[in-house]
Amino acid sequence: MKLKALKPRLYNAMFHTHTVSGIVISFALFVCFYAGAVALFMDEIYRWENPEARFESLSSSNIDYDKVLEVVLVNNPDIDINKRFSFVPPTKENPFIWFNGNLKTTENKEAKRFSAYINPYTYKVTPYENPKTHMGRTIYELHYFRQIPVIGIYLSGFVAFFFLFAIFTGVLTHWKNIITKFYAFTTKGKWKQIWTNSHTSLGIIALPFQLIYAITGALLGLSILLLAPSAFLMFDGDTNEIIKTIRPDAAIKYDKNAKKIEQGYSFTAINKDISSNYPDKKITFIYTGNYGKEDGTVNIRVDDKKSITGDGIFIYSRKNGKLLNAIIPDKKNYSKGAYGVLIKLHYATYGGIFLKIIYFILAMITCYIIISGVMIWQTARDNPKYTEKQRRFHHIITKIYLAICLSMFPTVALIFIANKVISMELENRIIYVNSIFFLGWLLLAIIGLFWNNYKKLNRNYLIIGGILSLVIPILNGIYTGDWIWISLSKGQYLVASVDIFWIFTGITGLVIATKLLKTKIFLNKWELKH
């Protein structure tokens, strides 16, 4: 079956635009998807990451947040309760209560934040000034280039925007034979044809997923730039008005001179009100505004973590417990629900763990599509119409791209290893863990440049990554005593699942590498000469 073809001039324009846009963003896009795929499970790996968190979670409805606040204030009386402070309730993945607030300031001092995590059983407050572990956050921040100051998130937004452009031009390029190619996929024939067929077929399968990430990634990364035109047209340039439309809590104006109150409506009463009216929803975030004064508020975010519109916000008066405003879950209009849907689609915070697994698989498929696109670009330029100098240039560019991308497999395994071998009691251990991760990535990428053919480059990264992957569960058992069978017996299924995942990944990587040793995959005549 063939669809109507594009006109030759339009086809050539789409083809070259797709090629250029794809090759320019390829390695950055690969980093976004690979790191993002791992970051999907940032919460699930926290118990594995932090052995101190391996205890049973307490339901948010059973926590006395008034007592938690009292304990925090005793621990640090300089906290300013009239400025926003917040609680993140414990979850199945993270059993601690997280507190964030502001310290009191004088005219000559800058405002400082205070963060801590609290054990919900003992109410022990541990300041977060020098956190013991940050591994999951590091990988999460990498997926939007947070390590690049100021402009990192904007770069990720532009990468997502050009990815959307590449998707659009790619569909138009393959439009004529898109159905035929999908059903005619084969692993036989020349490698250029194999790369092209797999690139097209898998691209069709993952197309909805890729569109979601291209759109949401661009909107989240470039939100300020995208909001500016809308604010100019509809709100006389005031972006705050747009924010107020989607978040009613942002529309509240507090009076700095309002009267202080000693007693007000308690967190416990609000907690019970939410739990009784919305028993199927879980409190995910509690934050305040002008808490110690008459116009203070207590704001509650809820979510069922299942449906895409199951989140909501409730704003209560601190003085009398009156519900001032709300975004009711599952009953939101477009303006109030759009941003929440955008977040859920991007971070897969709906549908449970199985949806995250599907997202992960599709993200890995997208990584393959990116790599296959690079190989199509390279093999198309490995022919006599290009000079020896041009072909060598294409070869070097391909090696650089592959080295940056494929070295991420062993590097991600490396940060898991570093998280175990570096003592939890070591001061500033996060610096050492992150240094091993980024310097290890740089070193592995540089080493890859000395492997002059693609077969060796792919094979060696798979072998290194496979071996490091198998080391991870062993180190977890040695350093924490929680071997897989012990974790399972304790009911620590999230800890055991991380170890099992790395065993499966390590074996798979080594099996593929062994198969590559017996074939000439990724190798072509030009490389054999050199």
Side-chain angles (χ1 to χ4, degrees), residues 52 60 63-90 94 96-134 137 141 146 149-150 239-240 243-244 247-271 274 283-301 313-322 324-325 427-428 430-431:
E52 294 180 1
S60 178
I63 295 174
D64 186 347
Y65 289 102
D66 298 291
K67 183 177 179 180
V68 173
L69 178 60
E70 181 182 341
V71 170
V72 171
L73 291 175
V74 169
N75 183 270
N76 195 330
D78 290 331
I79 293 173
D80 189 348
I81 63 171
N82 293 322
K83 292 183 179 178
R84 170 171 164 159
F85 65 86
S86 62
F87 301 104
V88 178
N94 187 339
F96 290 111
I97 303 168
W98 290 85
F99 174 86
N100 290 283
N102 293 278
L103 299 179
K104 296 175 182 177
T105 58
T106 61
E107 293 181 359
N108 298 325
K109 291 184 178 180
E110 295 182 359
K112 291 186 178 180
R113 300 280 295 170
F114 173 79
S115 300
Y117 58 92
I118 302 101
N119 187 307
Y121 294 99
T122 64
Y123 289 94
K124 178 185 176 182
V125 178
T126 305
Y128 196 67
E129 296 174 352
N130 185 21
K132 291 185 176 181
T133 181
H134 196 264
R137 296 291 303 180
E141 290 171 353
R146 175 67 176 80
V150 183
T239 55
N240 290 326
I243 297 174
K244 291 176 183 179
R247 283 187 49 192
D249 55 308
I252 299 175
K253 293 183 178 180
Y254 299 102
D255 183 3
K256 294 182 179 179
N257 300 317
K259 292 181 180 180
K260 293 183 179 180
I261 56 173
E262 296 299 328
Q263 296 292 331
Y265 208 64
S266 67
F267 285 109
T268 302
I270 295 173
N271 198 352
I274 293 290
I283 295 176
T284 58
F285 195 50
I286 302 171
Y287 55 109
T288 66
N290 226 21
Y291 181 78
K293 298 185 178 181
E294 285 190 334
D295 63 344
T297 62
V298 175
N299 312 304
I300 310 289
R301 290 186 190 175
I313 301 175
F314 298 89
I315 304 170
Y316 288 86
S317 168
R318 165 83 200 299
K319 183 179 179 180
N320 53 30
K322 181 181 178 182
L324 302 177
N325 202 343
E427 188 176 358
N428 296 321
I430 289 176
I431 296 175

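Remember, it's a predicted structure, so these values are computed and weren't measured experimentally. For this chain, numbers begin at 1 and follow the sequence in order.
- Between the NE2 atom of H134 and the OH atom of Y128 there is a distance of 5.0 Å, given to the nearest 0.5 Å.
- Checking R318, K259, K319, K260 one by one against E294, the salt bridge (Lys or Arg N to Asp or Glu O under 4.0 Å) holds for a single residue, K319.
- Nearest heavy-atom pair, K83 versus T288, reported as atom, atom and distance to 0.1 Å: O-OG1, 4.2 Å.
- For the pair L103/N76, a side-chain contact is recorded, criterion being any heavy-atom separation below 4.5 Å from C-beta on.
- Between Y291 and F85, the angle of the ring planes goes over 60°, which puts this pair in the perpendicular group of the 30/60° scheme.
- In terms of heavy atoms, I97 sits closest to P120 at CD1-CB, 3.9 Å.
- Here the CZ-CD1 distance, from R301 to I315, works out to 10.0 Å after rounding to the nearest 0.5 Å.
- At least one donor-acceptor pair under 3.5 Å links the side chain of D64 to the backbone N or O of K67.
- The shortest distance between side-chain heavy atoms of I283 and F87 does not fall below 4.5 Å.
- Counting all heavy atoms, side chain and backbone alike, N100 lies closest to R113 at CB-NH2, 3.4 Å.
- In the displayed structure, R146 atom CZ is contacted under 6.0 Å by at most 12 heavy atoms of other residues, nucleotides or ligands.
- Shown here for S266 and D66, the closest heavy-atom pair between the two residues is CB-OD2, 3.3 Å.
- Panel note: side chain N271, backbone S60; a donor-acceptor pair is recorded below 3.5 Å.
- Using a 4.5 Å heavy-atom threshold, the side chains of N320 and Y265 count as separate.
- Judged by distance alone, the side chain of N102 and the main-chain N or O of D80 form no donor-acceptor pair under 3.5 Å.
- For the ring-ring contact (aromatic ring centres under 6.0 Å, His included) with W98, the lone residue among F114, Y117, F285 that qualifies is Y117.
- For D295 (side chain) and Y254 (main-chain N/O), no donor-acceptor pair under 3.5 Å exists by modelled atom type.
- Rounded to the nearest 0.5 Å, atoms NZ (K293) and CG (N257) are 6.5 Å apart.
- Counting heavy atoms from C-beta outward, Y287 and I313 have side chains that approach closer than 4.5 Å.
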(message) If you apply the rule side-chain contact (heavy atoms from CB on, under 4.5 Å), what do you find for I118 with V71, and how did you get there?
(response) CA-CA 9 Å; I118 302 101; V71 170; 5.6 Å; no
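- Within the 4.5 Å cutoff, side-chain heavy atoms of I274 are placed close to those of F314.
- Residues Y65 and I286 have side chains in contact (heavy-atom distance under 4.5 Å, counting atoms from C-beta outward).
- Interatomic distance, NZ of K132 versus OG1 of T126, reported as 7.5 Å (0.5 Å rounding).
- Side chain of N119 to backbone of T122: a donor-acceptor contact under 3.5 angstrom is found.
- Within the 4.5 Å cutoff, side-chain heavy atoms of F99 are placed close to those of L69.
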